[in-house]
Amino acid sequence: MLSSPELDEYLDMREADALTLNEKLVIFRHARPPTASEVFEELIHTAQFRSGRVSTGNAAMLEIEAKEKLIKNQVAYGIPEHENEQTKAQLEKLRHMMFWDRRE
């Protein structure tokens, strides 16, 4: 795990609160502790890297898969309801974007 003020600037540029770079390296914001959802989502992404699917997969589909897993495992992961609601909203936005991308 990496975290620093300089990396916060990189996350700002990527419009992200956390980012998985590979199967072992995750960036979290330095300015605040990561949420349970952020930690578990990035762990899901490290597993996607380890399986080799990141290099061959559609990034949006991998993001959808991660969010679906977070929602499914909310209780097991100890994710608070307000974070789960945010994840659901993000998932719907991603699905909507995927639908419109396919129509063009």
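Here CG of Asp12 is found 9.0 Å from CG of Asp17. Values are rounded to the nearest 0.5 Å. Here the CD1 atom belonging to Ile79 is positioned 8.0 Å from the CG atom belonging to Asn73, to the nearest 0.5 angstrom. Atom OG1 of Thr87 is separated from atom CG of Leu70 by 5.5 Å, given to the nearest 0.5 angstrom. Distance check: Leu19 CG to Glu38 CD gives 11.5 Å after rounding to the nearest 0.5 Å.
Residues satisfying the side-chain hydrogen bond (donor to acceptor under 3.5 Å, both in side chains) test with Ser4, not counting sequence neighbours, are Glu6. Among residues two or more places apart in sequence or in another chain, the ring-ring contact (aromatic ring centres under 6.0 Å, His included) test is passed with Phe49 by none. Judged as a side chain to side chain contact (heavy atoms under 4.5 Å, CB included), and not counting sequence neighbours, Glu9 has no contacts. Every residue two or more places apart in sequence or in another chain was checked for a salt bridge (Lys or Arg N to Asp or Glu O under 4.0 Å) with Glu83, and none qualifies. Partners of Asp8 under the side-chain hydrogen bond (donor to acceptor under 3.5 Å, both in side chains) rule, at least two apart in sequence or in another chain, do not exist in this structure. Shown here are the side-chain hydrogen bond (donor to acceptor under 3.5 Å, both in side chains) partners of Glu15, two or more places apart in sequence or in another chain: there are none. Applying the salt bridge (Lys or Arg N to Asp or Glu O under 4.0 Å) rule to Glu23 yields no partners; only residues at least two apart in sequence or on another chain are considered. Listed by chain and residue number, Leu2, Leu21, Asn22 satisfy the side chain to side chain contact (heavy atoms under 4.5 Å, CB included) test with Leu25 (two or more places apart in sequence, or in another chain). Remark: Ala47 engages Arg50 in a side chain to side chain contact (heavy atoms under 4.5 Å, CB included) (not counting sequence neighbours). With sequence neighbours excluded, the residues forming a salt bridge (Lys or Arg N to Asp or Glu O under 4.0 Å) with Lys88 are Glu85, listed by chain and number.
The hydrophobic clustering, which links ILVMFWY residues whose side-chain heavy atoms are closer than 4.5 Å, places Met13 and Leu7 together. Hydrophobic clustering of Ile, Leu, Val, Met, Phe, Trp and Tyr side chains at less than 4.5 Å, counting indirect connections, unites Leu94 with Ile71.
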**Request:** Determine, step by step, whether His45 and Glu42 satisfy the side-chain hydrogen bond (donor to acceptor under 3.5 Å, both in side chains) criterion, reporting the C-alpha distance in whole Å, the side-chain angles of both residues, the deciding distance to 0.1 Å, and the verdict.
**Result:** CA-CA 5 Å; His45 290 314; Glu42 299 314 314; 4.7 Å; no

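Of all non-hydrogen atoms in Val54 and Leu62, the two that sit nearest each other are CA-CD1, 3.7 Å. Residue Gly78 comes nearest to Ala36 through the heavy atom pair O-CB, 4.3 Å, listed as atom of the first residue, atom of the second, then distance. The minimum heavy-atom distance between Ala66 and Glu41, with the atom names listed, is CB-CG, 4.1 Å.
The side-chain heavy atoms of Leu91 and Ile64, taken from C-beta on, include a pair separated by under 4.5 Å.
Listed by first then second residue, pairs satisfying ring-ring contact (aromatic ring centres under 6.0 Å, His included) with a partner in residues 5-36 number zero, not counting sequence neighbours. Sorted by first and then second residue, the pairs that involve residues 60-87 and meet ring-ring contact (aromatic ring centres under 6.0 Å, His included), not counting sequence neighbours, are Phe40-Tyr77.
Just one residue in the list Glu92, Gln90, Gln86 forms a side chain to side chain donor-acceptor pair (under 3.5 Å) with Lys67, and that residue is Gln90.
Under 4.0 Å is where a charged nitrogen must lie from a carboxylate oxygen, and between Lys93 and Glu63 no such pair does. Salt bridge status for Glu65 with Arg53: present, with a side-chain N to carboxylate O gap under 4.0 Å.
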